[in-house]
Amino acid sequence: MPRCPSPSHAIIDLRAIAANLAVVRKRAGDRKVLFAVKADAYGHGAVEVSRYVEKHRYADWLAVATVAEGQELVEAGITLPILKLSPADPWDMDAAITSGMRLTVVDFDTLEAVSKAAVRLGITARIHIAVDSGMGRIGLRPEHLAQLTAAADRTERVEVEGVFTHLPMSDVPEGEEFTRHEIDAFMTAVTQTQTDRGPFPLVHLANSGAILGHDLGKTSMVRAGIVGYGYDPDPHANRADLHPALSWISHVTFVKTINPGDAIGYGRTWTASETTKIATVPVGYADGLSRGLSNKGHVLIGGSVHPIVGRICMDQFMVDLGPDSSVTVGDEVVLIGTQGDEVLTADDMAELLGTISYEITCAISKRVDRRWVGQ
């Protein structure tokens, strides 16, 4: 017996990803493009997105957060080089090296760990050295780059393939000066190191914010993340013609009429002020619809915007249709996407929640079926 579909599904338009990466290509010039497909491609489906991107050469590299994510791509037949953006745990090291993943080295200890595993396996591990130029997350200070690089160049079964940093304020206007100084500090360290040992094959620092809003300088690769999925990391900037790739669709399962004074949902947090119709939708916080949208989120039904009322449940939520609605069971409900002339985006949800579009799409759970169009 075939598996029944989920009561909601996400539609991923691969053509939108292609268009967004074309914007990245144009801004990158002759630099290589790395596309981040970590967190299941920000909720868009890592294997399917990676296959599409590789088939059409929309990107030259891929990036993941965990060794398991990289293994999934390799096992699916993906052949583009894959960079793990953080150090591998000791228990994952053998699998990472065997799969051919590029490893991030952040200090002398991680360099030693990579070397020991590579020697034991008889495989040369290719590494990218991470520099902490201001993020404060991983990596060594710029002034120590030359010393670690020299050590890596002397280390058995290790090949230095790249060096990179991450820019924590490239996506906000008030970060322009800080980002410029950060880039200068990183590039100065890179230049000094290259003077002593020759050029790094790959130098990269530009995340989505930098790709859209900063001088890319003497780098050889950019790292596209959220921009590839159709969102500017600064939702108010509108710096490029981007196309959100993901829509989230469900349907109405129940409609009832309630009277003034009737309450809806757990805690009875919403009370009708007039006779109105209420629709129930089979999506909840277990599907990734944040409970924080209770009594303030919106959806599209019948080509109009309708408010979410009452607390969002684990598996369902309720919508005020108004007294004159003709909506019936089975009608389409759009949580993210377009219906008629109306549009709701992950940015709209994020603004209500005080978060970012990344979190909205990443939070859509595995329970929600994915469908890919535009191959």
Side-chain angles (χ1 to χ4, degrees), residues 1-13 37-49 64-66 68-69 72 226 229-231 244-256 258 263-270 278-301 305-321 327 329-339 344-372:
M1 181 180 297
R3 185 182 72 85
C4 293
S6 167
S8 75
H9 59 275
I11 300 173
I12 294 89
D13 186 349
V37 293
K38 59 183 180 173
D40 199 30
Y42 294 37
H44 293 68
V47 169
E48 290 78 7
V49 168
V64 297
T66 70
E69 288 178 339
E72 181 185 30
I226 195 66
Y229 303 103
Y231 289 95
L246 183 146
S247 301
W248 191 3
I249 312 295
S250 188
H251 60 276
V252 174
T253 57
F254 187 65
V255 178
K256 60 184 174 291
I258 65 171
I264 297 294
Y266 285 114
R268 296 168 60 85
T269 60
W270 184 87
I278 300 293
T280 299
V281 183
V283 178
Y285 57 77
D287 301 287
L289 183 67
S290 173
R291 193 169 179 267
L293 292 169
S294 301
N295 292 310
K296 61 182 179 181
H298 299 85
V299 296
L300 304 178
I301 308 177
V305 180
H306 294 279
I308 295 172
V309 294
R311 287 183 180 156
I312 292 170
C313 311
M314 183 181 290
D315 314 299
Q316 300 176 88
F317 69 93
M318 285 70 77
V319 178
D320 183 7
L321 299 173
V327 169
V329 170
D331 283 359
E332 180 187 75
V333 178
V334 175
L335 291 83
I336 297 174
T338 301
Q339 192 182 69
L344 291 176
T345 69
D347 277 336
D348 295 324
M349 276 192 186
E351 186 170 5
L352 291 172
L353 292 167
T355 186
I356 54 178
S357 57
Y358 311 60
E359 183 176 1
I360 301 301
T361 61
C362 286
I364 300 173
S365 77
K366 290 288 189 181
R367 190 163 81 171
V368 177
D369 292 336
R370 267 67 168 176
R371 304 175 186 173
W372 294 270

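Atom NZ of K256 sits in a crowded spot, with more than 12 heavy atoms from other residues, nucleotides or ligands closer than 6.0 Å. Remark: E359 CD is loosely packed, at most 12 non-hydrogen atoms of other residues, nucleotides or ligands lying under 6.0 Å away. Annotation for R367: atom CZ counts as buried by contact number, over 12 foreign heavy atoms lying within 6.0 Å.
Put simply, the side chain of W248 reaches to within 4.5 Å of the side chain of L289, judged on heavy atoms. Side chains of R371 and I249 form no contact here, defined as non-hydrogen atoms less than 4.5 Å apart. Looking at heavy atoms from C-beta onward, I360 lies out of side-chain contact with Y231 at the 4.5 angstrom threshold. Looking only at side-chain heavy atoms (C-beta outward), L335 and S250 come within less than 4.5 Å of each other. When side chains are defined from C-beta on, P282 counts as touching H251, because their heavy atoms get closer than 4.5 Å. Contact check for Y229 versus L246: no side-chain heavy atoms found under the 4.5 Å cut-off. Between V281 and V299 there is no side-chain heavy-atom pair separated by less than 4.5 Å. Considering only heavy atoms from C-beta on, V64 comes within 4.5 Å of V37 through its side chain.
Although no hydrogens or angles enter the test, the distance criterion places no donor-acceptor pair under 3.5 Å between the side chain of D320 and the main chain of V309. Side-chain atoms of T361 do not come within 3.5 Å of backbone N or O of G43 as any donor-acceptor pair. Using a distance-only test at 3.5 Å, with no hydrogens or angles considered, a donor-acceptor pair links the side chain of T66 to the main chain of E69. Looking only at distances, no side-chain donor or acceptor of T280 sits under 3.5 Å from a matching main-chain atom of T253. With N295 contributing its side chain and G310 its backbone, the two residues share a donor-acceptor pair below 3.5 Å.
Here NE2 of H298 is found 8.5 Å from CG of L344. Values are rounded to the nearest 0.5 Å. Put simply, CD1 on I11 and OG on S247 are 6.0 Å apart, with the number rounded to the nearest 0.5 Å. Atom CG of residue L352 and atom OG of residue S294 lie 11.5 Å apart, to the nearest 0.5 angstrom. Residue M318 holds its CE atom at 8.0 Å from CD1 of I278, rounded to the nearest 0.5 Å. Atom CE of M349 and atom CD1 of I336 lie 4.5 Å apart (nearest 0.5 Å). Taken to the nearest 0.5 Å, the CD atom of E332 stands 5.0 Å off from the CD atom of Q339.
Minimum heavy-atom separation, D315 to A286: OD1-CB, 4.2 Å. Shortest non-hydrogen contact noted between S290 and I312 is O-CD1, 3.2 Å. Nearest heavy-atom pair across A279 and L321 is CB-CD1, 3.7 Å. Smallest separation of non-hydrogen atoms from A46 and D40: N-OD1, 2.9 Å.
S8 and D287 share no side-chain donor-acceptor pair at under 3.5 Å.
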(request) Just do the side-chain contact (heavy atoms from CB on, under 4.5 Å) check on R370 and V49 with the steps written out, would you? (result) CA-CA 11 Å; R370 267 67 168 176; V49 168; over 6 Å; no
